[in-house]
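Before I ask anything, let me first share the structure, which is written out below as structure tokens.
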Amino acid sequence: MPRKARAAGRIRPISTVVGKVRPVKMGTKRQHCWRFPAESLHSVEMSDFPDDIPFFDEPGAPAPRPSGAPAPSGIAARAMAARNASAPDYLKGLNAEQRQAVETTEGPVLVLAGAGTGKTRVLTTRIAHILSLGRAYPSQILAVTFTNKAAREMKQRIGLLVGEAIEGMPWLGTFHSIGVKMLRRHAELAGLRSDFTILDTDDVIRLIKQLIQAEGLDDKRWPPRQFAMMIDTWKNKGLGPADIPEGDARAFANGKGRELYKAYQDRLQTLNACDFGDLLCHPIRIFRAHPDVLKEYHRRFKYILVDEYQDTNTAQYMWLRLLAQETGGSAQKNICCVGDDDQSIYGWRGAEVDNILRFEKDFPGATVIRLERNYRSTAHILGAASHLIAHNEGRLGKTLFTDIADPDDAKVNVHAAWDSEEEARAVGEEIEQLQRKGHALNDMAILVRASFQMREFEDRFVTLGLNYRVVGGPRFYERQEIRDAMAYFRVVAQPADDLAFERIVNVPKRGLGEAAVRQIHDTARALRIPMLEAAAKLAESDELKPKPRAALRAVAANFERWQKALDNTSHTELAEIILEESGYTDMWKNDRSAEAPGRLENLKELIRSMEDYESLRSFLEHVALVMDSEQNEELDAVTIMTLHSAKGLEFETVFLPGWEEGLFPHQRSLDEGGRSGLEEERRLAYVGLTRAKKNLHIWFVSNRRIHGLWQSTIPSRFLDELPEAHVEVAEGGDSYGGYGGGGYGGRQNPYGASRFDSIGSDQRSFSNTYATPGWQRAQQNRNEATDRNWGSRSGHHVERIGYGETDSGYGAGRGSVKSRTIEGELVAKSVADSPSPFKVGDRVFHQKFGNGNVAAIEGNKLTIDFDKAGQKRVIDSFVTAV
DNA sequence: GGCTCATATCGCGGA
DNA sequence: GATATGAGCC
């Protein structure tokens with residue numbers, strides 16, 4: 001099964017394994033979606049705001065009091081009741097600090113919530129508290145999070161606390177989703193129409209590239225990507241083209257940075273589009289330029305809550321300040337920010353830890369509440385984490401503690417391995433052992449510093465037949481076929497979306513190449529009309545040669561028809577029609593490559609996921625805003641993800657591989673951020689440590705391949721910052737070679753023992769590998785079996801790899817210790833003596849070469865006459881019977 | 001003029 | 001390891 005998955009989803013093979021393909025299905029609840037087109041198409045006036053929708057309308061739910069009306073006595077009575085011994089159920093079980101954070105509803109509040117101290121619980125209970133006291137309607141609470149996942153979880157948990165009535169919390173969401181909602185209401189004030197599209201980074205880069213070329217600049221010398229990053233940085237600070245520092249402006253495009261930025265914004269406006277940064281920057285500008293608009297929001301939001309406040313960037317901060325500022329010296333705004341300065345790990349993305357450190361200055365009279373009682377981890381883990389983070393300066397200072405102390409608790413384990421492959425192997429073994437003891441795979445996670453580390457674990461787990469899920473890999477919506485389909489939908493929903501149009505005019509191939517597209521483009525620019533319109537015009541003129549003209553006419557006619565169908569066809573049906581009639585599905589059906597069926601599957605899944613939305617537009621909006629795709633929670637699988645995406649999660653057992661200088665702390669952070677960069681890395685380590693509830697394993701290796709180059713590495717300085725008392729250095733024992741059991745004491749010699757010395761121990765561990773159940777499973781599972789040629793190991797580990805690795809499949813491309821595919825021929829000696837399961841004449845399929853007939857068999861090496869690729873010699877485990 | 005294949009170069013973080 | 005460019009072919 002995993003092998004099939006790999007074949008199907010070549011883009012990021014494994015993600016398919018655990019149902020990455022089902023992105024929008026979680027829980028049974030329909031995703032809450034606001035309907036933007038109908039109610040806000042032309043609404044500029046605040047009076048168009050829908051009145052507060054009654055919220056507790058279920059029978060038996062407490063009735064809200066009318067907004068603005070004096071508090072009826074019932075509320076006071078209930079509030080009193082809440083303080084009584086018979087406190088509401090939802091307050092029970094909170095500790096004193098948590099309860100204070102929940103009950104201090106008025107005035108500015110900063111909750112410093114350490115890892116595992118019940119932060120989400122406080123936030124959700126606080127909202128439930130406000131609601132049940134009748135202090136505000138759900139629609140009067142603004143609650144912002146950073147991820148959709150956090151928002152979803154909050155909705156769900158509030159729902160559990162107050163009954164099922166949370167559908168009515170329209171202003172609970174991510175910064176971006178709330179920003180988009182505001183912007184749709186006031187789009188005209190930003191020079192947009194309310195049906196604007198949101199461009200993702202890919203679109204942005206293509207657009208910038210066009211602009212750079214239009215300026216007559218060399219896009220080699222001035223990479224669009226880099227400029228996109230600069231714009232991002234500026235927008236994180238809330239800077240428009242006029243506001244950027246002169247130095248920044250001069251640094252790009254021969255000093256034309258500012259002009260280019262301006263041109264970019266202008267182009268977005270004509271495209272009726274905005275990028276991610278604009279979702280916050282436009283509202284900020286609107287609030288400043290139109291105090292009446294801002295005032296309306298002030299009236300509306302009685303309570304503001306912010307999650308992960310330490311991650312806010314300057315733009316988000318400005319946005320919040322504007323919304324939370326005191327109006328005319330009247331009552332203090334009720335803003336509650338929750339965060340942990342020790343978990344600020346997004347500095348490189350523009351986050352300002354300063355925001356949280358400055359809170360008391362920004363909001364005078366603020367109540368600061370510290371949550372330090374940890375409910376998650378053992379004393380050993382907490383001790384290790386606290387000791388590590390204490391090496392940072394400039395913290396607000398918190399010390400986590402726990403009452404739970406079990407003498408049986410395991411200390412934090414530090415392991416050494418020879419190289420990353422052995423690391424993966426050993427982690428795999430450990431996981432299997434835990435599994436045998438009855439631990440669920442769902443309770444285990446591998447948290448890596450950089451995503452390239454994931455691959456080795458994936459490879460290993462595939463071999464072992466262990467289920468795993470990758471979080472934060474390339475996402476469903478980033479796949480080529482999905483983006484193509486989405487581009488079709490976008491053009492139908494928003495005919496001015498030139499970027500989408502350009503993407504698909506010639507997909508599938510219609511004979512409209514570069515020249516034709518350029519002509520459409522030029523016509524569009526000259527007449528100041530969208531490209532789709534220009535295409536229709538060109539199709540009726542004699543400007544083009546007959547062939548492209550006919551093709552273009554067909555395209556234009558198609559889109560016209562689909563647009564007409566938009567109103568009277570269900571959007572899922574229309575989506576199917578579009579993909580069918582455009583020839584897009586046929587394109588993949590006729591594609592004989594191995595990934596084509598997977599892509600068709602994905603397209604089907606795309607349509608299926610659209611069912612959860614009420615309209616094509618709301619679906620498009622959802623897709624533009626999802627950053628995290630859901631996972632199939634039902635499957636028992638080990639989680640592999642980056643430390644960044646692990647924040648907020650917890651696992652019984654956590655593996656932290658790759659604790660080596662240069663990787664962790666990451667060289668880049670050190671180079672760019674100096675001391676503060678190092679501190680951010682340390683916080684990242686802290687985040688990693690505090691994800692673990694019971695077991696924590698840290699790994700470092702002495703050799704790692706980075707950018708195709710084997711490099712000797714030295715253990716991370718963070719290892720030395722762990723307290724002896726809570727740490728145990730795992731003895732190498734029978735396996736894991738590397739430092740020969742010396743643990744990280746081996747760091748005295750940065751190059752470790754001679755690599756030749758450890759070959760022996762390494763091979764010992766190799767033979768152990770055969771004994772693992774996973775290996776045996778892999779043996780049974782013939783297709784999984786990787787060839788295991790260790791023969792050429794010595795002396796190879798510092799050379800450059802990277803020749804002939806045309807196949808990303810098994811065994812290939814994994815460094816000198818593995819076999820390599822050269823010109824399609826597998827140069828490997830077999831270790832398996834078992835007879836080949838194939839016989840001469842068998843019809844077989846190979847991932848790369850397609851179908852063919854077995855011509856000869858020699859051990860486990862087959863000679864196959866492929867239909868297309870000709871005669872090749874391959875290892876039998878690389879082909880499947882047809 | 002458009003399409004397909006093969007080679008050279010860059011770069012990698014993340015919602 | 002993906003992307004951009006160029007050669008060769010239809």
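First the proteins, then the strands, lettered A, B, ... as listed; each starts at 1.
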Worksheet entry | Between B/dA15 (P) and A/M229 (CE): distance, integer Å |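 Nearest whole value for this atom pair: 15 Å.
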Item to complete: Answer with base, sugar-phosphate or nothing: what part of the nucleic acid does A/S669 contact at a heavy-atom distance below 4.0 Å?
Response: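 Base, at least one base heavy atom under 4.0 Å.
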Practice prompt. Name the nucleic acid region contacted by A/K509, choosing base, sugar-phosphate or nothing; use a 4.0 angstrom heavy-atom cut-off, strictly under.
Written response: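 The answer is sugar-phosphate, as A/K509 gets under 4.0 Å only of primed atoms, P, OP1 or OP2.
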Worksheet item: Would you call the rings of A/W319 and A/F175 parallel, tilted or perpendicular if under 30° counts as parallel and over 60° as perpendicular?
Response: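 Rings of A/W319 and A/F175: perpendicular, over 60°.
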Worksheet item: Do any side-chain nitrogens or oxygens of A/N313 fall under 4.0 Å of OP1 or OP2 in B/dA15?
Response: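 For B/dA15, OP1/OP2 do not have a side-chain N/O of A/N313 under 4.0 Å.
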Item to complete: May I ask you to say what A/A450 touches in the nucleic acid, namely base, sugar-phosphate or nothing, with a heavy-atom cut-off under 4.0 Å?
Response: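 Answer is nothing: A/A450 stays at 4.0 Å or more from every strand.
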Worksheet item: Does the gap between the ring centers of A/F252 and A/W222 come in under 6.0 Å?
Response: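 Judged by ring-centre distance (under 6.0 Å), A/F252 and A/W222 do meet the cut-off.
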Practice prompt. Classify the angle between the aromatic ring planes of A/W348 and A/Y346 as parallel (below 30°), tilted (30 to 60°) or perpendicular (above 60°).
Written response: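 Rings of A/W348 and A/Y346: tilted, as their planes differ by 30° to 60°.
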Discussion item. Applying a 4.0 Å non-hydrogen cut-off, can you work out what A/R225 is touching in the nucleic acid: base, sugar-phosphate, or nothing?
Written reply: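 Touches sugar-phosphate only.
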Worksheet item: Between C/dG1 atom C1' and A/R455 atom CZ, what is the distance in whole Å?
Response: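 So the CZ-C1' distance, A/R455 to C/dG1, works out to 9 Å.
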Practice prompt. Mark this stacking check for A/W348 against B/dG13 as yes or no, applying ring centres under 5.5 Å and ring planes under 30°.
Written response: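 Here A/W348 meets both the 5.5 Å and the 30° conditions.
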Discussion item. Ring-plane angle category for A/F664 and A/F718, please: parallel below 30°, perpendicular beyond 60°, tilted otherwise.
Written reply: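 Taking A/F718 first and then A/F664, their aromatic rings stand perpendicular (interplane angle over 60°).
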